[in-house]
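Starting from 1, each residue takes its place in the sequence as its number.
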Amino acid sequence: MKSRMLIGLGLAFVAVASLIAAEGVKLEGVKCVVAGSKAASEKNAVDYKGGKVYFCCQNCPKEFEKNTAKYAAKANAQLVATGQAKQEKCPLSGGPLDAATKISVDGADVCFCCEKCQGKAKESKDQVELLFNDKAFEKAGFKVSSK
């Protein structure tokens, strides 16, 4: 009897811990990294750079894992859009951030060091690739919070 109660309490603890861990991730309006027009789902996720990247179905994570480099910028942007990654520096220059230069790209807020970098980003035909490719992601000091 006691062992069943302990097992039940253990399962309840795991369920609550899972809810608390997922609570910090905002998926409203977030699109699948592979099938860009479809909504991302909490059920279809893979670990990536210390966070989780979300997909619309069970096939997309397989495609992502086969071609991670192809989808890296979109995955990095999703980490920011879901609140998992926080920016420390300008993604173009590596300089200190000026909050007045903030823009939103695919649901991810990004700041720059100056209006010149902000202007370059605004004019880019592929903002996601420019601002969230692996080199820019590293230069910006994006870090996935360890919640």
List in chain and number order the residues that pass side chain to side chain donor-acceptor pair (under 3.5 Å) with N67, two or more places apart in sequence or in another chain; answer none if no residue qualifies.
->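 For N67, the residues satisfying side chain to side chain donor-acceptor pair (under 3.5 Å) (neighbours in sequence not counted) are E63.
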Tell me, please, which residues at least two apart from K49 pass side chain to side chain donor-acceptor pair (under 3.5 Å).
->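 Once residues adjacent in sequence are excluded, the partners of K49 under the side chain to side chain donor-acceptor pair (under 3.5 Å) criterion are N76, D134.
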Please list, chain by chain and in numerical order, all residues satisfying salt bridge (charged side-chain N to carboxylate O under 4.0 Å, His left out) with K52, sequence neighbours excluded.
->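 With sequence neighbours excluded, K52 shows a salt bridge (charged side-chain N to carboxylate O under 4.0 Å, His left out) to D47, given in chain and number order.
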Nearest-0.5 Å distance, [atom1] of residue [X] to [atom2] of residue [Y]:
X	Y	atom1	atom2	result
K116	C90	NZ	SG	11.5 Å
L131	K120	CG	NZ	9.5 Å
N44	C57	CG	SG	6.5 Å

So which atom in [X] and which in [Y] form the shortest heavy-atom distance, rounded to 0.1 Å?
X	Y	value
I103	Q118	CG2-NE2, 3.7 Å
K86	G83	NZ-O, 3.0 Å
P91	V110	CG-CG1, 3.9 Å

With distance as the sole test, does T82 use its side chain to make a donor-acceptor pair with the main-chain N or O of L79 at under 3.5 Å?
->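 Answer holds: yes.
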Short question: side chain of K135, backbone of F132 - any donor-acceptor pair under 3.5 Å?
->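 No: the side chain of K135 does not pair with the backbone of F132.
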Would you list the pairs meeting side chain to side chain donor-acceptor pair (under 3.5 Å) in which at least one residue belongs to residues 124-133, sequence neighbours left out?
->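 Every pair satisfying side chain to side chain donor-acceptor pair (under 3.5 Å) with a residue in residues 124-133: there are none.
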Might you confirm whether atom NZ of K31 has over 12 heavy atoms from other residues, nucleotides or ligands at distances under 6.0 Å?
->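 Yes, the 6.0 Å shell around NZ holds more than 12 heavy atoms from other groups.
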Verify the neighbour count for atom CD of E88: are there more than 12 heavy atoms of other residues, nucleotides or ligands below 6.0 Å?
->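 Yes, CD of E88 has more than 12 neighbouring heavy atoms, counting only those of other groups under 6.0 Å.
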For [X], enumerate each residue passing the side chain to side chain contact (heavy atoms under 4.5 Å, CB included) test, keeping only those at least two apart in sequence or located in another chain.
X	result
A75	V33, Y48, V53, F64
C111	Q87, L97, T101, K102
A35	C32, K38, C56, C60

Expected list for residues 136-144: side-chain donor-acceptor pairs under 3.5 angstrom, two or more places apart:
from: K139; atom 1: NZ; to: L92; atom 2: O; distance (Å): 3.2

Would you please name every residue forming a ring pair (Phe, Tyr, Trp, His ring centres under 6.0 Å) with F112, sequence neighbours left out?
->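 With sequence neighbours excluded, F112 shows a ring pair (Phe, Tyr, Trp, His ring centres under 6.0 Å) to no residue whatsoever.
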With sequence neighbours excluded, tell me which residues meet ring pair (Phe, Tyr, Trp, His ring centres under 6.0 Å) with Y71.
->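 Partners of Y71 by the ring pair (Phe, Tyr, Trp, His ring centres under 6.0 Å) criterion come out as none, since no residue qualifies.
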With the side chain counted from C-beta on, respond yes when Y54 and Q78 share a heavy-atom pair under 4.5 Å apart, and no when they do not.
->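 They are in side-chain contact.
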Is the shortest heavy-atom distance from the side chain of V128 to the side chain of V105 under 4.5 Å?
->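 They are in contact (side-chain heavy atoms under 4.5 Å apart), so the answer is yes.
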